[in-house]
Amino acid sequence: MDVTGGLDWTWPIEIALIMEGSTVPLSEEEQRQFEQLERALAAEDPKFVSAMRGTNVRLYYKRRAVLAGAGFVLGIVVLMTGAILPNTIIGAIGFVVMVACLYIAALSMRRISNAGDSDDVPPPMPPPSKRGRTKHDSSGSFMERMEDRWRRRRDEDL
């Protein structure tokens, strides 16, 4: 029994791979269908729609960074408690809490700065380095080389 209903589900994936992050404007018909779907979703689950509209990524990561800072201070307290009491396990736990909270705060601060930059404008490409290039890095990063290899294989199959 054919569960997919005879549809080729690889077609949208192939289109997404071809587009690779580039944006394509919707046609008038697609825009109308999209607005219809939004209205249907709003009618079906208004609480979900209001929650999604109210989501602010910068606020989330700022709150997360503040909580990580409070956790860092708590880690210092636990570390000092372990130093005052002759118990190295408590001190080590305090140190681990401090490092973990510092890591979370650093990630959150990086994502806050990245969230402000994402106004649908791609970041500028860095200038190519002046050092001599080898065969391996002439085509870019590892992921770029893998994507090029994937494209070549797919084009050969067509």
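Starting from 1, each residue takes its place in the sequence as its number.
- Within the 4.5 Å cutoff, no side-chain heavy atoms of V99 are placed close to those of Y103.
- Note on D155 versus R152: no salt bridge recorded, every NZ/NE/NH1/NH2 to OD/OE distance being 4.0 Å or above.
- Contact detail for I112 and Y61: the closest heavy-atom pair is CG1-CB, 3.4 Å.
- Here E28 contributes atom CD and Q31 contributes atom CD; the two are 9.5 Å apart, rounded to the nearest 0.5 Å.
- Contacts of M143 classified as side chain to side chain contact (heavy atoms under 4.5 Å, CB included), with partners at least two apart in sequence or in another chain: S141.
- By the 4.5 Å side-chain criterion applied to Ile, Leu, Val, Met, Phe, Trp and Tyr, L67 is assigned to no cluster and stands alone.
- For S27, the side chain to side chain contact (heavy atoms under 4.5 Å, CB included) criterion is met by E29, E30, not counting sequence neighbours.
- The shortest heavy-atom contact between M98 and F72 is O-CD1, 3.3 Å.
- Contacts classified as side chain to side chain donor-acceptor pair (under 3.5 Å) and involving residues 75-92 (residues at least two apart or in different chains) are not found.
- The CD atom of E38 lies 4.0 Å from the CZ atom of F34; values are rounded to the nearest 0.5 Å.
- The environment of CG in L37 is crowded: more than 12 heavy-atom neighbours from other residues, nucleotides or ligands sit within 6.0 Å.
- Sorted by first and then second residue, the pairs that involve residues 64-80 and meet side chain to side chain donor-acceptor pair (under 3.5 Å), not counting sequence neighbours, are R64-S108.
- I84 shares a hydrophobic cluster with no other residue; no ILVMFWY side chain has heavy atoms under 4.5 Å from its own.
- Linking Ile, Leu, Val, Met, Phe, Trp and Tyr residues whenever their side-chain heavy atoms come within less than 4.5 Å places L79 and L102 in a single cluster.
- Grouping Ile, Leu, Val, Met, Phe, Trp and Tyr by side-chain contacts under 4.5 Å, direct or through others, leaves V96 on its own.
- A single hydrophobic cluster is not seen to contain both I104 and V97; linkage of ILVMFWY side chains at heavy-atom distances under 4.5 Å, directly or through other members, places them apart.
- With sequence neighbours excluded, the residues forming a side chain to side chain contact (heavy atoms under 4.5 Å, CB included) with Q36 are R32, R39, listed by chain and number.
- Its side chain outside the 4.5 Å cluster rule for every partner, L85 clusters with none of the Ile, Leu, Val, Met, Phe, Trp and Tyr residues.
- Listed by chain and number, the residues in a side chain to side chain contact (heavy atoms under 4.5 Å, CB included) with M80 are I76 (sequence neighbours excluded).
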